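Below you'll find the structure, written out as structure tokens, and then a few comments.
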Amino acid sequence: MLKRLLRLLGKLFGLLLLVSALAVLALRWIDPPGSLLMLERALEAREAGRSLTLQRQWRDWDELPDDLKMAVIAAEDQRFAAHWGFDVSAIAAAVKHNAQGGSLRGASTLSQQLAKNLFLWSGRSWPRKALEAWFTLLLEVLLPKQRILELYLNTVEWGDGVFGADAAARYHFGSQAPYLSAEQSSLLAAILPNPRQRSAAAPSAGTRQRAQWIRRQVRQLGGSHYLNQLERPALNWRAYLPSWAVDWL
């Protein structure tokens, strides 16, 4: 009886792994209509008895300005082009910093943030972190870096009910994503640690200082030339597939 139960659980676990992998693979071609974080925010507003209109308009890679792409990379994940979803050096630095006390420092990469926003719930727990690691690995293995960044910029929260770059541009600046300036892009990136409490349209002195730091970091990274490193797939996974599967994909 126990062996049968274990076999059943093993098959169920394998099925869940397969379904999650197929869901991530589909993101190579399909733009997600929303995210679990959007659903969570809507449910929070409903439980609080307030109305919340979710704002989001998809923008393809070519419509997203390089200034915004680089500002987010400079602010959140400067080794985005090099790592495989986890920045080990940043994690080690964060662990050392947090062990000394004071304010907590995170080390989540853009891929980890995307995994959490798309597929998981907010909050801190070991089960969620384990699932985040699994989905991060899938994103890195199955999607090119460009696509990961495109998904991130169209999914990230930029205000109360404001998701994605285009909604952020309209909400904070009355503009559209393709027309964001370098300064506006850096201000949007500067509020990402706490987008529901900070404003890019009316930034505090601290937000302005962080935006200036982001623009300096963008220059040090090489500006938009950095994005050329994202044109390759994160992993040549086609080499592990039979020829008929490569032709079909």
Side-chain angles (χ1 to χ4, degrees), residues 12-13 15-60 64 68 72 75-77 85 103-139 142-143 147-174 176-177 188-202 207:
L12 179 60
F13 182 70
L15 179 61
L16 291 175
L17 294 181
L18 177 61
V19 169
S20 62
L22 291 176
V24 173
L25 180 61
L27 294 175
R28 289 183 67 94
W29 305 280
I30 300 174
D31 300 333
S35 68
L36 262 293
L37 180 59
M38 294 175 67
L39 177 60
E40 181 179 336
R41 294 295 188 237
L43 292 175
E44 286 177 354
R46 183 176 180 180
E47 290 179 1
R50 62 184 182 91
S51 61
L52 177 66
T53 301
L54 298 178
Q55 304 173 49
R56 182 174 182 262
Q57 177 64 44
W58 185 271
R59 288 286 185 174
D60 291 330
L64 295 166
L68 181 62
V72 168
E76 297 291 301
D77 187 2
S103 61
L104 293 179
R105 176 189 296 178
S108 293
T109 64
L110 294 178
S111 302
Q112 288 176 275
Q113 294 178 43
L114 176 62
K116 180 185 68 174
N117 291 343
L118 269 180
F119 300 109
L120 304 172
W121 62 96
S122 59
R124 296 178 180 273
S125 67
W126 286 112
R128 203 223 68 186
K129 293 298 291 185
L131 288 172
E132 179 186 302
W134 169 246
F135 278 107
T136 298
L137 180 63
L138 289 177
L139 288 168
L142 299 176
L143 305 184
R147 181 59 171 170
I148 292 174
L149 184 55
E150 179 185 8
L151 288 164
Y152 178 90
L153 290 173
N154 280 286
T155 304
V156 64
E157 185 178 32
W158 253 309
D160 194 19
V162 180
F163 294 87
D166 202 66
R170 295 175 187 272
Y171 178 77
H172 289 282
F173 302 115
Q176 298 179 40
L188 285 176
I191 68 171
L192 280 179
N194 198 349
R196 294 199 291 174
Q197 301 297 325
R198 301 180 182 179
S199 171
T207 298

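Note that the coordinates shown come from a computational prediction; the quantities given were computed from them, not determined experimentally. Heads up: numbering here begins at 1 and tracks the sequence.
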_Residues which pass ring pair (Phe, Tyr, Trp, His ring centres under 6.0 Å) with Tyr171, listed by chain and number, not counting sequence neighbours_ = none

*What pairs with Phe135 under ring pair (Phe, Tyr, Trp, His ring centres under 6.0 Å), at least two apart in sequence or on another chain?*
Phe119

*asked:* Could you tell me if the side chain of Leu64 sits less than 4.5 Å from the side chain of Leu149, heavy atoms only?
replied: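 In short, these two side chains do not touch, never coming nearer than 4.5 Å.
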
I need the [X] [atom1] to [Y] [atom2] distance, nearest 0.5 Å.
| X | Y | atom1 | atom2 | value |
| --- | --- | --- | --- | --- |
| Leu118 | Thr155 | CG | OG1 | 4.5 Å |
| Leu43 | Trp121 | CG | CH2 | 14.5 Å |
| Lys116 | Leu131 | NZ | CG | 13.5 Å |
| Leu54 | Met38 | CG | CE | 4.5 Å |
| Gln113 | Leu37 | CD | CG | 11.0 Å |
| Leu27 | Leu22 | CG | CG | 11.0 Å |

Minimum heavy-atom distance [X]-[Y], with the two atoms named:
| X | Y | value |
| --- | --- | --- |
| Ala115 | Glu132 | CB-O, 3.9 Å |
| Leu151 | Pro32 | CD2-CD, 3.6 Å |
| Asn117 | Val156 | ND2-CA, 4.2 Å |
| Leu120 | Leu36 | O-CB, 3.5 Å |
| Ala165 | Leu68 | CB-CD2, 3.5 Å |
| Ser111 | Ile148 | OG-CG2, 3.7 Å |

*Would you say Arg46 has more than 12 foreign heavy atoms packed within less than 6.0 Å of its CZ?*
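It does not: Arg46 CZ has 12 such atoms or fewer within range.
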
Using a 3.5 Å distance criterion without hydrogens, assess whether the side chain of [X] forms a donor-acceptor pair with backbone atoms of [Y].
| X | Y | value |
| --- | --- | --- |
| Asp166 | Ala177 | yes |
| Trp158 | Leu188 | yes |
| Asn154 | Arg59 | yes |
| Thr109 | Gly85 | yes |

*Can you name the one residue among Gln197, Gln55, Arg50 that meets side chain to side chain donor-acceptor pair (under 3.5 Å) with Asp160?*
Arg50

*Under the side chain to side chain contact (heavy atoms under 4.5 Å, CB included) rule, what do Leu110 and Leu114 come out as? Steps first, then yes or no, please.*
CA-CA 6 Å; Leu110 294 178; Leu114 176 62; over 6 Å; no

*Can you pull the salt bridge (charged side-chain N to carboxylate O under 4.0 Å, His left out) pairs that have at least one residue in residues 30-42, sequence neighbours excluded?*
Asp31-Arg147, Arg41-Glu44, Arg41-Glu157

